[in-house]
Participant: 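Structure incoming, see below.
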Amino acid sequence: VGLPNSGKTTLFNALTRAGAEITAYASVTDKPNVGMATIADDRLGRLAALVAATKVTPAAVRVVDVPGTGPQLLGNLPQVDAILAVLDGFSPDATPADDLETLKLELLVADRDHVERRHARVAKAATSGDPAKRTELETLTALLAHLDSGQTLADWPGELPPELDPLTTKPLLAVENGPEGIDCKLEAELAELDDEEAGEVRD
């Protein structure tokens, strides 16, 4: 995820070599870019040689480049294991720390919207007298109050309903695209080279 022009898609291309088009997203109907990033591991070749493997398949991570930000987009994210926040460190007036806080706030709002929708569904179901739904409704009501106080679901001291898949409980890794972090454009260009050439350029 990342604010507009932060370098999200450029980093996506560097990680996945997918060659996704770098463009301004127009609406929430735009589809995310999806690709696989292989995990570099020097041990893999040695292990393959040791067992005389006929086929070697490196581990990989599925990467999704979300088309924009905002609760509506972020709230529709599929289940994710972690969030990679790309921060603009190149623009003349760039403030990566402020951008990170903005993204965290948007994740918080997306979580609140998710809890509110779940609360509305469970409230209807609880009218049937189902004790499990009534218990969940009480928990969801408390969660809304918790979120409205400015805290995240990661701060919730109790157990969250299993139906929730909150974003603010996910590991979040911030990557600054700029001189103080990673040059995403350069990395995307290096990804178009073979490994030997890319290594020479890095050296």
Side-chain angles (χ1 to χ4, degrees), residues 1-16 18 20-37 39 61-119 140 143-157 160-161 163-188 191:
V1 300
L3 298 178
N5 301 314
S6 61
K8 288 188 295 105
T9 304
T10 305
L11 180 58
F12 171 83
N13 285 334
L15 291 171
T16 65
E21 182 182 0
I22 298 173
T23 181
Y25 291 103
S27 71
V28 296
T29 59
D30 288 327
K31 301 294 184 188
N33 296 313
V34 181
M36 300 300 292
I39 308 299
V61 174
R62 184 171 181 264
V63 183
V64 179
D65 172 22
V66 182
T69 58
Q72 187 176 0
L73 282 164
L74 297 176
N76 290 328
L77 278 177
Q79 291 186 343
V80 297
D81 296 307
I83 297 171
L84 183 63
V86 183
L87 311 173
D88 177 11
F90 266 115
S91 300
D93 56 348
T95 52
D98 290 347
D99 290 353
L100 181 58
E101 288 307 308
T102 299
L103 287 170
K104 286 181 176 179
L105 179 60
E106 292 194 354
L107 293 171
L108 174 64
V109 173
D111 273 358
R112 194 203 180 283
D113 286 354
H114 180 51
V115 172
E116 191 170 41
R117 288 194 303 271
R118 178 71 187 168
H119 184 276
L140 291 169
L143 281 170
L144 284 174
H146 175 80
L147 290 168
D148 287 341
S149 71
Q151 300 181 81
T152 70
L153 292 183
D155 303 322
W156 179 250
L160 294 170
E163 293 79 9
L164 296 179
D165 188 33
L167 296 172
T168 53
T169 61
K170 308 291 185 185
L172 188 145
L173 175 65
V175 174
E176 182 176 332
N177 177 22
E180 301 300 318
I182 297 173
D183 186 334
C184 294
K185 184 179 179 182
L186 175 61
E187 290 299 328

Participant: Grab the two heavy atoms, one from G89 and one from P179, that are nearest each other, plus how far apart they are.
Facilitator: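 So the minimum-distance heavy-atom pair works out to O-CD, 3.4 Å.
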
Participant: Report the distance from atom CG of L147 to atom NE2 of H114, rounding to the nearest 0.5 Å.
Facilitator: 11.0 Å

Participant: I need the minimum non-hydrogen distance between A37 and L15, along with the two atoms involved.
Facilitator: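 Closest approach of A37 to L15: CB-O, 3.4 Å.
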
Participant: Has D111 got a side-chain atom pairing as donor or acceptor with T168's backbone, closer than 3.5 angstrom?
Facilitator: yes

Participant: I need the minimum non-hydrogen distance between A18 and F12, along with the two atoms involved.
Facilitator: CB-CE2, 3.7 Å

Participant: Hey, does L160 have a side-chain heavy atom less than 4.5 Å from the side chain of P166?
Facilitator: yes

Participant: Tabulate below the donor-acceptor pairs under 3.5 Å that side-chain atoms of residues 96-105 make, not counting sequence neighbours, or state none.
Facilitator:
{"residue": "D98", "atom": "OD2", "partner": "T95", "partner atom": "OG1", "Å": "3.4"}
{"residue": "T102", "atom": "OG1", "partner": "D98", "partner atom": "O", "Å": "3.0"}

Participant: Less than 4.5 Å apart, any side-chain heavy atom of N33 and any of T16?
Facilitator: no

Participant: Does A110 offer a backbone N or O that forms a donor-acceptor pair with the side chain of D113 under 3.5 Å?
Facilitator: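 No; zero donor-acceptor contacts below 3.5 Å.
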
Participant: Would you please name every residue forming a side chain to side chain donor-acceptor pair (under 3.5 Å) with E116, sequence neighbours left out?
Facilitator: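 Here the qualifying residues are R112.
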
Participant: If I compare all heavy atoms of N177 with all of S6, which pair ends up nearest, and what's the gap?
Facilitator: ND2-O, 3.0 Å

Participant: Taking the side chain as everything from C-beta on, heavy atoms only, tell me whether L3 gets closer than 4.5 Å to D88.
Facilitator: no

Participant: Just so I know, are the side chains of F90 and D183 near enough to count as touching, which here means a heavy-atom distance under 4.5 Å?
Facilitator: yes

Participant: Are side-chain heavy atoms of L107 and I83 found at a separation under 4.5 Å?
Facilitator: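 Heavy-atom side-chain distance check passes, below 4.5 Å.
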
Participant: Within a 6.0 Å radius of atom CG on D148, are there more than 12 heavy atoms belonging to other residues, nucleotides or ligands?
Facilitator: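 Yes, the 6.0 Å shell around CG holds more than 12 heavy atoms from other groups.
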
Participant: Applying side chain to side chain donor-acceptor pair (under 3.5 Å), run through N13 and T10 and close with a yes or a no.
Facilitator: CA-CA 5 Å; N13 285 334; T10 305; 5.9 Å; no

Participant: Can you give me the closest heavy-atom contact between L108 and G150, atom names plus distance?
Facilitator: CD2-O, 4.2 Å

Participant: Hey, could you give me the CD/CG distance between E163 and D165, rounded to the nearest 0.5 Å?
Facilitator: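 So the CD of E163 and the CG of D165 are separated by 11.0 Å.
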
Participant: Is the shortest side-chain heavy-atom distance between L84 and V63 below 4.5 Å?
Facilitator: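 No; the side chains remain at least 4.5 Å from each other.
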
Participant: Does K8 use its side chain to pair, donor to acceptor, with the backbone of V86 at less than 3.5 Å?
Facilitator: no

Participant: Any idea which heavy atoms bring C184 and A14 closest together, and the distance?
Facilitator: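 That closest heavy-atom pairing would be O-CB, 4.3 Å.
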
Participant: Would the number of heavy atoms belonging to other residues, nucleotides or ligands and lying under 6.0 Å from NZ of K185 be above 12?
Facilitator: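 Not more than 12 within 6.0 Å, no.
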
